[in-house]
A.B. asks: 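Starting off with a structure, shown below.
To find a chain, count down the sequence lines: A is the first, B the second, and so on, and within it residues start at 1.
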There are 2 protein chains.
Amino acid sequence: MSLNDKVSFRDIKVQILARIRDRVWPPGAIMPGEVELSQEFGCARATVNRAMRELAEEGFIDRRRKTGTRVNANPIRQAKFEIPLVRVEIEASGAAYRYALVSCESPPTPDWLRARLGLGPDDKVLHLQCMHYADNAPFQFEDRWINKATVPDIDCSDFETLSPNEWLVNQVPFTEAEISFSATAANESNADLLALPIGEPVFTAERITWLKTRPITFARMFFGRGYRMTTRF
Amino acid sequence: MSLNDKVSFRDIKVQILARIRDRVWPPGAIMPGEVELSQEFGCARATVNRAMRELAEEGFIDRRRKTGTRVNANPIRQAKFEIPLVRVEIEASGAAYRYALVSCESPPTPDWLRARLGLGPDDKVLHLQCMHYADNAPFQFEDRWINKATVPDIDCSDFETLSPNEWLVNQVPFTEAEISFSATAANESNADLLALPIGEPVFTAERITWLKTRPITFARMFFGRGYRMTTRF
DNA sequence: CAGTGGTCTAGACCACACA
DNA sequence: GTGTGGTCTAGACCACTGC
């Protein structure tokens, strides 16, 4: 016989989820406490605790001291997206990756960028544009500004063959990032490179990264026709 | 004095992250084992374990039995997005929410939908279209198909005043979902409702949900001008 | 104040993966 | 085999919060 196997926190998660799904504990209801459940399941309270902690992280239940745990009525569920390097994303799809630098210069810092990143009046930036291809089809056009104050040893020559994304990941750690996604229209600066007519919808990502409170880089990424970002849970 | 406070797994996370950021343990390097770290930090192994487990979940490190733990070279960091009800999202922004049903019918099931959801030849569907407004400005156009086999007690009258999204959340639990985001062009069916010229870029979300293996609903959501999905980490 | 979750400990055994 | 992470336990104390 081997019913002696210990109860795993995974088993408990499954059980609890089933009861939530089957409305044994309907949305908004208070569930039994950890002690009670640990007795029912025949395990330590810590085990129940881990199960419920994870369910709370996943947004199924809401836990508060003293009040107890209740089933979440509005399942504000969350979608996770992995944000890999472009090169990795392309290679994972089985396509051949190719990188090309389009332009690189050190222009005067535009005011909008100064405002966006909170740059001081004397901070200098590097501006560069590059393309990522998948099997020679345009996959992504990257338009990036780098704060020279945060990344001093930087030069256009660094990016002849290596994408700035990859270079930065390897050279500069970051502590915070903000990403946003939107739909924009292809314009003069990116339509040609993406092989799209001007005005065509383009899936667009913007990303700012900081090291502590100092801005490192601002990047806009324009994806080729038909790009989708997908997740499942 | 009170240096006697116990070491928290949070403290350990901070310490470890700092060492990773400062390249004390460079990307790809093997870190000390749990036992060693617990001695260094003066705490139980379980505490170090929890800290490192969370760091692994967050994608900073890679853990394997026997081999040990190494710092992730390619920070495949992940972005989390909350997917709340439209109504909640709008109200959270401080705007007034308004819902309007555009159309509702039970047409023959189109072949593309049959294929997309894996429906049988006799499965019937409900098709409905509705609008979500924020302060009377078009916020989202929702175009949804519901599988009547999975949601039997359903009728167009249910959606006169309550959005299908909200109705489904309250009536039908789901176990799995797939969401994807893309950029599309406004077309005859949604341009008017969103008050956009045809061809204008539209941020678009598609969502399929299942109860175990049975498809519940397929929805396309088209967002009004300038919509952005943002996250920070 | 009292009840519930949050966390830490010390110890144990297990599972996996590499040598 | 043997070392590392993975998990469970039993017990303890703490922290928040509603009464």
A.B. asks: Can you measure B:I12 atom CD1 to D:dG5 atom P for me and round it to whole angstrom units?
C.D. replies: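 Rounded to the whole Å, the gap is 14 Å.
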
A.B. asks: Test: salt bridge (charged side-chain N to carboxylate O under 4.0 Å, His left out). Region: residues 145-156 of chain A. Which pairs qualify, not counting sequence neighbours?
C.D. replies: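 Checked against salt bridge (charged side-chain N to carboxylate O under 4.0 Å, His left out) - neighbours excluded - no pair reaches residues 145-156 of chain A.
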
A.B. asks: D:dG5 C1' sits how many Å from B:F9 CZ, rounded?
C.D. replies: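 Taking atom C1' of D:dG5 as the reference, CZ of B:F9 is at 19 Å.
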
A.B. asks: Can you run down the salt bridge (charged side-chain N to carboxylate O under 4.0 Å, His left out) pairs that involve residues 30-41 of chain A, sequence neighbours left out, and say none if there aren't any?
C.D. replies: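 Residue pairs with at least one partner in residues 30-41 of chain A: A:R19-A:E40, A:E34-A:R45, A:E34-A:R63.
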
A.B. asks: Does A:Y97 have any ring pair (Phe, Tyr, Trp, His ring centres under 6.0 Å) partners at least two apart in sequence or in another chain, and if so, which?
C.D. replies: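 Testing A:Y97 for ring pair (Phe, Tyr, Trp, His ring centres under 6.0 Å), a comparison that skips the adjacent residues, returns A:H132.
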
A.B. asks: Which string of ( ) [ ] | and . matches DNA chain C, if you list each base 5' to 3' and count Watson-Crick or G-U pairs only when both distances are under 3.5 Å?
C.D. replies: ||||||||||||||||||.

A.B. asks: Would you mind listing every salt bridge (charged side-chain N to carboxylate O under 4.0 Å, His left out) that reaches into residues 205-229 of chain B, with sequence neighbours excluded?
C.D. replies: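 Qualifying pairs: A:E206-B:R228, A:R228-B:E206, B:R116-B:E206, B:E200-B:R225, B:E206-B:R220.
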
A.B. asks: Quick one: B:R10 CZ to C:dG6 C1', roughly how many Å, whole number?
C.D. replies: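 Taking CZ of B:R10 and C1' of C:dG6, I get 8 Å after rounding.
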
A.B. asks: Can you tell me which residue pairs pass the salt bridge (charged side-chain N to carboxylate O under 4.0 Å, His left out) test with a partner in residues 156-183 of chain B, sequence neighbours excluded?
C.D. replies: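 Pairs touching residues 156-183 of chain B that pass the test: A:R232-B:E176, A:R232-B:E178, B:R87-B:E166.
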
A.B. asks: How would you list all residue pairs meeting disulfide bond (SG atoms under 2.5 Å apart) that involve residues 131-183 of chain B, not counting sequence neighbours?
C.D. replies: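 Those involving residues 131-183 of chain B are B:C104-B:C156.
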
A.B. asks: Taking side-chain hydrogen bond (donor to acceptor under 3.5 Å, both in side chains) as the definition, give me every residue that meets it alongside B:R64, ordered by chain and number, with sequence neighbours left out.
C.D. replies: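 B:R64: no side-chain hydrogen bond (donor to acceptor under 3.5 Å, both in side chains) contacts found.
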
A.B. asks: For the pair made of CD1 in A:I61 and C1' in C:dG6, what is the distance, rounded to whole Å?
C.D. replies: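 Atom CD1 in A:I61 sits about 14 Å away from atom C1' in C:dG6.
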
A.B. asks: Hey, are the side chains of B:L168 and B:F174 touching, using non-hydrogen atoms and a 4.5 Å cut-off?
C.D. replies: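 Answer no - side chains too far apart.
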
A.B. asks: Among residues 29-43 of chain A, which contact DNA chain D at a heavy-atom distance under 4.0 Å?
C.D. replies: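 The stretch gives A:C43 as the residues lying under 4.0 Å from the strand, ordered by number.
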
A.B. asks: Output the rounded distance in Å from CZ (B:R50) to C1' (D:dT9).
C.D. replies: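 Result: 17 Å.
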
A.B. asks: Output all residues satisfying side-chain hydrogen bond (donor to acceptor under 3.5 Å, both in side chains) with A:Q129, sequence neighbours left out; order by chain, then residue number.
C.D. replies: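 side-chain hydrogen bond (donor to acceptor under 3.5 Å, both in side chains) check on A:Q129 returns A:S103, A:D143.
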
A.B. asks: Please determine whether a side-chain nitrogen or oxygen atom of A:R63 lies at a distance below 4.0 Å from atom OP1 or OP2 of C:dG6.
C.D. replies: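 Answer is yes, contact under 4.0 Å.
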
A.B. asks: Mind calculating the distance between CG (A:N49) and C1' (D:dC8) to the nearest angstrom?
C.D. replies: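 Distance check: A:N49 CG to D:dC8 C1' gives 13 Å.
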
A.B. asks: With a 4.0 Å cutoff (strictly under), does any side-chain N or O of B:T69 reach OP1 or OP2 of D:dT4?
C.D. replies: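 So the side-chain polar atoms of B:T69 never come under 4.0 Å of the phosphate oxygens OP1 or OP2 of D:dT4.
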
A.B. asks: For nucleotides 12-17 of chain C, give me every protein contact, N/O to N/O, under 3.5 Å, one pair per line with atom names.
C.D. replies:
from, atom 1, to, atom 2, distance (Å)
C:dA12, N6, B:R45, NH2, 3.0
C:dA15, N3, B:R65, NE, 3.2

A.B. asks: Whole angstroms only, please: what is the CD-C1' distance between B:E54 and C:dG6?
C.D. replies: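 Whole-Å distance recorded here is 12 Å.
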
A.B. asks: May I ask you to decide if the ring planes of A:F159 and A:W167 are parallel, tilted or perpendicular, using 30° and 60° as cut-offs?
C.D. replies: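 Rings of A:F159 and A:W167: perpendicular, as their planes differ by over 60°.
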
A.B. asks: What pairs with B:Y227 under ring pair (Phe, Tyr, Trp, His ring centres under 6.0 Å), at least two apart in sequence or on another chain?
C.D. replies: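 Here the qualifying residues are B:F139, B:F203, B:F223.
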
